[in-house]
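Here's the structure we're looking at; comments come further down.
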Amino acid sequence: MIDRREFRKSFDDMQAALARRGADVVGEDSPWSKARELDVRQRDLKMELETLQAERNRVSKLIGQKKAQGEDAAEEMAAMQDVARRTKALDGEVKEAEEAFYSVLLEIPNPPHASVPDGKDESANVELHRWGNPRQDSVPPHWEIGAALGILDFEAGATLAGSRFTVLRGMGSRLERGLMQFMLDLHVDQHACEEVWVPAIVNRKTMTGTGQLPKFADDLYKLEDEDAFLIPTAEVPVTNLYQDMILEADALPIRHCAYTPCFRREAGSAGRDVRGMIRQHQFDKVELVHLTQPDRALDDLQTLTGHAEAVLQALGLPYRVIELCAGDIGFSAQKTFDLEVWLPSQNTYREISSCSSFGQFQGRRAGIRYRDESGKPQAVATLNGSGVAIGRCLVALLENGWQADGSVLIPDALQPYVGGKSRIDLAVC
RNA sequence: GGAAGGGUGGCAGAGUUGGUCGAAUGCACCGGUCUUGAAAACCGGCAAGGGGCAACCCUUCGUGGGUUCGAAUCCCACCCCUUCCGCCA
């Protein structure tokens with residue numbers, strides 16, 4: 001969430017920044033407008049309450065002293081009954097005001113970093129650079145390649161669970177598993193990340209810490225009998241590994257990688273990417289998570305993005321890096337680079353990794369802090385990015401490795417992870 | 001799921017006949033004395049959040065509620081941990 005002090009102090013600047021990303025900061029009912037009101041109200045009430053509490057504490061102490069000396073304190077005690085009553089009533093009001101304030105604060109997105117380009121939507125995103133040579137010949141879509149090879153089974157997925165679920169068979173399954181291992185090994189061995197393995201179900205507080213709640217409940221699968229959710233990304237559990245902790249400065253930066261399954265309801269994307277396994281309700285992903293000092297966040301974002309790029313380079317998959325404009329970055333993000341891999345069947349680049357700096361936004365929400373040079377705790381900066389989405393990577397491998405005879409070549413770097421095989425051949429019937 | 005025990009500051013660990021307890025003590029950590037240096041010893045400091053220019057005030061002893069002038073201490077509910085039993089991959 002945004003910083004409360006900064007909210008008061010730099011109200012106009014923050015408002016302008018939020019407007020850049022398209023957030024409603026003028027509407028009467030916008031969280032932004034409400035926050036301003038509630039902030040004042042909460043503090044006024046609180047000051048009133050504290051005055052009463054101070055009085056109560058003072059006299060109560062006095063009563064204790066008198067009683068200890070055997071004196072009579074009936075008069076004071078009687079007088080305090082009224083104060084106690086008013087204190088209790090006011091305390092309720094303060095709690096309400098506080099709750100109201102924080103509930104709107106949690107709905108205000110992260111103001112984009114000043115360096116983020118202007119723009120309303122993805123059409124204003126800026127391409128930064130390209131890597132590799134995209135093949136320009138005609139290639140069938142991955143679902144046809146996969147079906148022909150007998151490694152992707154969408155019918156089975158639909159039968160078992162519904163649309164947007166896929167069953168992988170044989171080399172398809174093995175590739176999925178191999179990619180997972182390959183990516184983790186790369187990040188652990190080359191990028192000095194600490195691998196972690198975490199729960200795929202988390203509670204409400206954890207989901208709130210990274211910003212998925214309260215605003216995006218519709219995108220999440222919620223457990224019926226518990227106040228818990230399936231994770232939409234490893235970002236959630238891995239970042240929250242440090243919730244409510246105060247880290248020492250020399251512990252930073254912290255770099256993690258983690259494999260998890262991810263679950264998304266895709267509520268708002270009906271009709272998009274309905275075929276194939278580009279957009280699934282369940283998919284596998286290796287995620288990169290960094291915790292760092294706020295003034296290093298942007299440098300670290302370069303580092304993290306580089307780690308994600310290394311995966312695509314090692315696999316020889318052509319891609320480009322784009323920077324999202326202010327109108328296209330995610331709710332919690334301050335600045336985002338997307339990696340888009342070349343999909344020859346669509347003759348276009350498709351997102352395969354999204355690398356973001358969140359500044360101190362998540363650190364504040366999740367209570368992740370570190371001691372700066374003065375010894376004072378302050379929120380850490382968090383970053384994360386896919387390194388990379390495994391399902392989409394498999395898609396890219398199938399299409400980019402496809403041969404005219406129907407087989408698919410497997411990149412050298414991946415071969416040790418799939419039993420040394422260098423290609424997937426059509427089943428000979 | 002059943003039974004028992006427990007949740008206190010970075011850690012360990014006192015505190016449960018309610019009162020001067022944000023909380024003894026030890027360790028860790030920081031500063032100082034001493035020392036060629038270090039260690040030891042000794043002295044001092046050392047929770048977080050909020051408000052205030054400041055003095056200082058308020059909140060927090062798993063969470064929420066209750067009793068009371070006053071609760072870490074009493075009552076209720078919930079959560080979590082440990083052990084034992086049951087069940088189970």
Side-chain angles (χ1 to χ4, degrees), chain A residues 1-9 35-106 197-209 213 222-223 225-229 237 240-252 254 261 291 360-380:
Chain A
M1 66 194 148
I2 57 172
D3 181 66
R4 194 171 181 178
R5 282 214 179 88
E6 212 184 316
F7 169 67
R8 293 201 288 263
K9 214 175 68 194
R36 183 175 221 177
E37 245 173 73
L38 291 167
D39 174 48
V40 174
R41 175 177 159 73
Q42 191 273 138
R43 278 187 303 142
D44 286 350
L45 285 171
K46 182 96 184 233
M47 276 200 274
E48 204 182 321
L49 172 66
E50 288 189 1
T51 309
L52 272 179
Q53 284 173 329
E55 169 73 359
R56 182 202 62 193
N57 291 347
R58 189 181 63 78
V59 178
S60 290
K61 204 168 270 192
L62 190 75
I63 290 170
Q65 284 167 356
K66 280 195 152 189
K67 286 196 141 186
Q69 292 164 11
E71 294 175 37
D72 177 58
E75 203 176 301
E76 286 86 347
M77 284 167 64
M80 278 305 101
Q81 280 184 10
D82 181 53
V83 174
R85 199 162 35 239
R86 284 194 290 152
T87 303
K88 190 182 275 183
L90 243 187
D91 189 55
E93 285 186 59
V94 169
K95 286 216 168 104
E96 253 173 62
E98 220 151 61
E99 225 163 89
F101 175 69
Y102 281 109
S103 72
V104 299
L105 205 64
L106 288 176
W197 193 92
V198 294
I201 295 175
V202 300
N203 59 31
R204 180 175 296 274
K205 180 180 177 185
T206 296
M207 215 45 115
T208 306
L213 288 177
K222 176 165 187 330
L223 271 57
D225 298 322
E226 284 170 74
D227 199 22
F229 306 80
N240 277 286
L241 234 29
Y242 300 93
Q243 69 175 220
D244 294 322
M245 287 179 72
I246 300 176
L247 306 164
E248 294 307 324
D250 60 15
L252 302 175
I254 291 172
L291 279 68
Q360 295 171 284
F361 190 82
Q362 292 180 328
R364 276 190 289 267
R365 283 174 90 105
I368 309 171
R369 294 171 294 172
Y370 79 103
R371 287 185 198 284
D372 61 21
E373 283 121 29
S374 69
K376 280 189 63 176
Q378 67 160 303
V380 299

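Letters go in sequence order (proteins before strands), and every chain restarts at 1.
As a whole-Å value, the separation of Asp250(A) CG from A28(B) P is 18 Å. When rounded to the nearest whole Å, the span between CG of Asp72(A) and C1' of G19(B) equals 16 Å. Going from atom CD of Gln42(A) over to atom C1' of G51(B) covers 10 Å, rounded to whole Å. Nucleotide G19(B) holds its C1' atom 16 Å from the CZ atom of Arg58(A), rounded to whole Å. Protein atom NZ of Lys376(A) is 20 Å distant from nucleotide atom C1' of C29(B), rounded to whole Å. The interatomic distance linking Glu226(A) (CD) with G1(B) (P) rounds to 10 Å, in whole Å. At whole-Å resolution of the value, CD1 in Ile246(A) and P in G9(B) are 12 Å apart. Distance Asp44(A) CG to G51(B) P: 13 Å, rounded to the nearest Å.
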Under 3.5 Å, which protein N or O atoms sit close to an N or O of nucleotides 66-70 of chain B? Give each pair with its distance.
unit_1	atom_1	unit_2	atom_2	d
U67(B)	OP2	Lys88(A)	NZ	2.5
C69(B)	OP1	Gln81(A)	NE2	3.1
C69(B)	O4'	Met77(A)	O	3.4
C69(B)	O2'	Ser60(A)	OG	3.1
G70(B)	O4'	Ser60(A)	OG	3.1

Please tabulate, one pair per line, each protein N/O and nucleotide N/O from nucleotides 60-65 of chain B that are separated by under 3.5 Å, including the distance.
none

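Using a 4.0 Å heavy-atom criterion, one finds that Ala73(A) contacts no nucleic acid atom at all. Across all strands shown, Arg8(A) has heavy atoms under 4.0 Å from sugar-phosphate atoms exclusively, and none from any base. At the heavy-atom level, Arg371(A) lies under 4.0 Å from the strands shown only through sugar-phosphate atoms.
If you check A71(B) for Watson-Crick or wobble pairing at under 3.5 angstrom, you find it has no partner at all. In this structure C27(B) sits in a base pair with G10(B), meeting the Watson-Crick or G-U test at under 3.5 Å. Remark: G1(B) base-pairs with C85(B). Criterion, Watson-Crick or G-U wobble with two distances under 3.5 Å.
Between Gln65(A) and Glu55(A), it is Gln65(A) whose nearest contact on RNA chain B lies nearer the 5' terminus.
When all heavy atoms are compared, the tightest approach of Ala249(A) to Arg371(A) is CB-O, 3.3 Å. In plain terms, the two heavy atoms of Phe7(A) and Ile2(A) that are nearest each other are CD1-CD1, 3.8 Å. The heavy-atom pair separating Glu71(A) from Gln69(A) by the smallest distance is OE2-OE1, 2.9 Å.
A donor-acceptor pair under 3.5 Å links the side-chain atoms of Arg365(A) to the main chain of Leu106(A), judged by distance alone. Distance alone, capped at 3.5 Å, places no donor-acceptor pair between the Glu76(A) side chain and the Ile63(A) backbone.
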### Message
Run the salt bridge (charged side-chain N to carboxylate O under 4.0 Å, His left out) test on Asp82(A) and Arg85(A) for me, step by step, so that the C-alpha distance in whole Å, both residues' side-chain angles and the decisive distance to 0.1 Å come before the verdict.
### Response
CA-CA 5 Å; Asp82(A) 181 53; Arg85(A) 199 162 35 239; 3.5 Å; yes
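Salt bridge status for Glu55(A) with Arg58(A): present, with a side-chain N to carboxylate O gap under 4.0 Å.
The gap from the P atom of G5(B) to that of C11(B) amounts to 26 Å, rounded to the nearest Å.
Remark: Arg36(A) CZ is loosely packed, at most 12 non-hydrogen atoms of other residues, nucleotides or ligands lying under 6.0 Å away. Atom NZ of Lys61(A) has 12 or fewer neighbouring heavy atoms from other residues, nucleotides or ligands inside a 6.0 Å radius.
Judged by distance alone, the side chains of Thr206(A) and Asn203(A) do bring a donor and an acceptor atom under 3.5 Å apart.
Comparing atom distances between the Ala54(A) side chain and each of C58(B), G51(B), A48(B) picks out C58(B) as nearest.
The side chain of Arg5(A) contributes no N or O atom lying less than 4.0 Å from OP1 or OP2 of G52(B).
In the interface, the side chain of Glu50(A) is paired with the base of G50(B) through a donor and an acceptor atom under 3.5 Å apart.
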